[in-house]
Enquirer: 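Handing you this structure, nothing more for now.
Any value given below was found using the heavy atoms of this structure, including those in side chains, with hydrogens, waters and symmetry copies removed. Positions are given from 1 along the sequence.
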Amino acid sequence: MTNSSTQTWDAANYADNARFVSDLGAPVLDLLAPKAGERILDIGCGDGALTQKIAAVGADVVGIDHSASQVAGARALGLDAHVMDATHLIYADEFDAVFSNAALHWIKPPQAVVAGVATALKPGGRFVGEFGGFGNVSKIREASIAALNARGLDGEAANPWYFPTAEEYAELLAAHGFKVTSSVLIPRPTPLPGRMADWIKTLAQDFVAPVPEAEQDDFLEGVENDLAPDLKDADGKWTADYVRLRFSAHLED
Ligand code: BEZ
């Protein structure tokens, strides 16, 4: 996650409201195509749900995450996981592949991440991942920013995320020596397991934190009311307006 973000990760809350994040990781895992014996780094491994799938093919996988509680969850699965800031990777010339799902939009500056990945990879190594791309959760983001502004707070300053275009991210990869095989935006409206307020409280805490605690329920209700015409259906089910940026790149041999 970003160094300035106030986001924290509660394992039970995450399991209730965000399990779909790893459940929907199958396509990017297919793109990684991990093989037995490969050494693979998983950036933003969270509680290890996808890391475990990489390990299951016989790869030697290392997970890193900024959150100690998520790393504890990954270790409880028997994974080799470490608390680490992905803008300061400690690895050089040792991984066949670096993987990341639903994490890179939290980690700033992105240049530091990509530079560290290029150093961590062996020659010919690949970098495959998916994260929030340009337009991701834009309705949720805009409603949250507007609600903060309406309370006299600085909504845009609370925005924790980096959501680049596919071209912007391909350029960043190329600038660090990668050959980019693909970099595409994929709209993926995503049904939520519960209320929009629960998604915001779990995954967008930076928008709630500036509001005095006694007013937070009222703030969340206002954001929900604003979003309901676009993101809540007639049966009361919420959908988040996700857009993924999925990419694959590799270093020269
Ligand atoms: C995402 O995976 O795109 C995402 C997750 C949490 C907050 C915002 C975006």
Side-chain angles (χ1 to χ4, degrees), residues 1-3 5 7-9 11 14-15 18-19 21-131 162 169 172-173 176-178 181 245-253:
M1 90 166 62
T2 162
N3 299 333
S5 174
Q7 178 75 30
T8 59
W9 301 97
Y14 186 85
R19 174 53 59 220
V21 173
S22 53
D23 288 347
L24 295 174
V28 68
L29 210 51
D30 288 348
L31 191 61
L32 173 69
K35 294 174 200 61
E38 283 190 321
R39 186 156 166 78
I40 297 180
L41 176 66
D42 181 0
I43 295 181
C45 65
D47 61 8
L50 286 179
T51 324
Q52 196 176 33
K53 293 192 173 167
I54 298 172
V57 306
D60 172 17
V61 61
V62 177
I64 63 156
D65 202 283
H66 198 262
S67 159
S69 74
Q70 294 281 53
V71 165
R75 286 188 171 178
L77 296 176
L79 295 163
D80 181 13
H82 305 272
V83 176
M84 199 180 293
D85 176 350
T87 64
H88 291 91
L89 294 176
I90 59 167
Y91 307 106
D93 202 13
E94 65 173 284
F95 290 99
D96 298 291
V98 175
F99 172 76
S100 186
N101 181 55
L104 296 176
H105 49 263
W106 289 109
I107 311 172
K108 294 189 259 187
Q111 294 79 0
V113 181
V114 176
V117 170
T119 303
L121 285 168
K122 297 175 188 168
R126 61 200 190 281
F127 183 24
V128 176
E130 183 173 310
F131 63 108
Y162 163 67
Y169 203 63
L172 178 61
L173 291 166
H176 289 85
F178 284 97
T181 315
L245 195 167
R246 190 178 299 157
F247 67 91
S248 176
H250 61 91
L251 294 177
E252 303 273 23
D253 267 319

Enquirer: For the residue pair Thr51 and Leu77, establish whether any side-chain heavy-atom pair is separated by less than 4.5 Å.
Expert: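 Side chain of Thr51 against side chain of Leu77, heavy atoms only: no contact under 4.5 Å found.
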Enquirer: Identify the two heavy atoms, one from Leu32 and one from Ala97, that lie closest to each other, and give their separation to 0.1 Å.
Expert: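 Here Leu32 and Ala97 meet closest at CD1-CB, 3.9 Å.
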Enquirer: Hey, are the side chains of Leu104 and Leu245 touching, using non-hydrogen atoms and a 4.5 Å cut-off?
Expert: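 The answer is no; the side chains never approach within 4.5 Å.
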Enquirer: For the atom pair CG (Leu50) and CG (Leu24), what is the distance rounded to the nearest 0.5 Å?
Expert: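 Output value for this atom pair is 10.0 Å.
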Enquirer: List the atom of Val28, the atom of Val128, and the distance in Å for their closest heavy-atom pair.
Expert: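 Minimum heavy-atom separation between Val28 and Val128: O-CG1, 4.0 Å.
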Enquirer: For Lys122 and Asp93, which heavy atoms make the closest approach, and how far apart are they?
Expert: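 Heavy-atom minimum between the residues: CA-OD1, 3.3 Å.
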Enquirer: How close do Gly48 and Leu79 get, heavy atom to heavy atom, and via which atoms?
Expert: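 Shortest heavy-atom separation between Gly48 and Leu79 comes out as O-CD1, 3.5 Å.
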Enquirer: Would you give the length of the straight line joining atom CG of Asp85 to atom CD1 of Ile64, rounded to the nearest 0.5 angstrom?
Expert: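 Atom-to-atom, Asp85:CG and Ile64:CD1 are 8.0 Å apart.
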Enquirer: Would you find a donor on one side and an acceptor on the other, under 3.5 Å apart, between the side chain of Arg75 and the backbone of Ala81?
Expert: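 Looks like yes, one N/O pair under 3.5 Å.
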Enquirer: Determine the minimum heavy-atom distance between Gly25 and Asn101, stating which atoms define it.
Expert: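 The pair with the smallest heavy-atom distance is CA-ND2, 4.2 Å.
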Enquirer: With ring-ring contact (aromatic ring centres under 6.0 Å, His included) as the rule and sequence neighbours excluded, what pairs involving residues 109-128 come up?
Expert: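 Output for this query lists Phe127-Phe178, Phe127-Phe247.
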Enquirer: Does anything in residues 59-73 form a salt bridge (Lys or Arg N to Asp or Glu O under 4.0 Å)? List the pairs, not counting sequence neighbours.
Expert: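 Of all non-adjacent pairs touching residues 59-73, those that pass salt bridge (Lys or Arg N to Asp or Glu O under 4.0 Å) are Arg39-Asp60.
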Enquirer: Say you draw a straight line from CZ of Arg246 to OH of Tyr169; how long is it, rounded to the nearest 0.5 Å?
Expert: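 That separation rounds to 15.0 Å.
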Enquirer: So does Ser248 get a backbone contact from the side chain of Arg126, meaning a donor-acceptor N/O pair under 3.5 Å?
Expert: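 Absent.
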Enquirer: How long is the span from the CG atom in Asp42 to the CG atom in Asp80, to the nearest 0.5 Å?
Expert: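 Separation between the atoms: 11.5 Å.
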Enquirer: How close do Lys108 and Thr87 get, heavy atom to heavy atom, and via which atoms?
Expert: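 For Lys108 and Thr87, the tightest heavy-atom pair comes out as O-CG2, 3.5 Å.
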Enquirer: Is the backbone of Leu172 close enough, under 3.5 Å, to the side chain of His176 for a donor and an acceptor to pair up by distance?
Expert: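 Answer holds: yes.
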Enquirer: Find out whether Tyr91 and Val62 are in side-chain contact, i.e. whether some heavy atom of one side chain is under 4.5 Å from a heavy atom of the other.
Expert: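 Side-chain contact under 4.5 Å: yes.
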Enquirer: Quick one: does Leu29's side chain get under 4.5 Å of Phe99's, heavy atoms only?
Expert: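 With C-beta onward as the side chain, the pair touches.
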Enquirer: Given 3.5 Å as the limit, does a donor-acceptor pair link the side chain of Ser100 with the main chain of Gly129, or not?
Expert: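 It does not hold such a pair.
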Enquirer: Is any side-chain heavy atom of Thr119 closer than 4.5 Å to a side-chain heavy atom of Leu89?
Expert: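 Of all side-chain heavy-atom pairs linking Leu89 with Thr119, none is under 4.5 Å.
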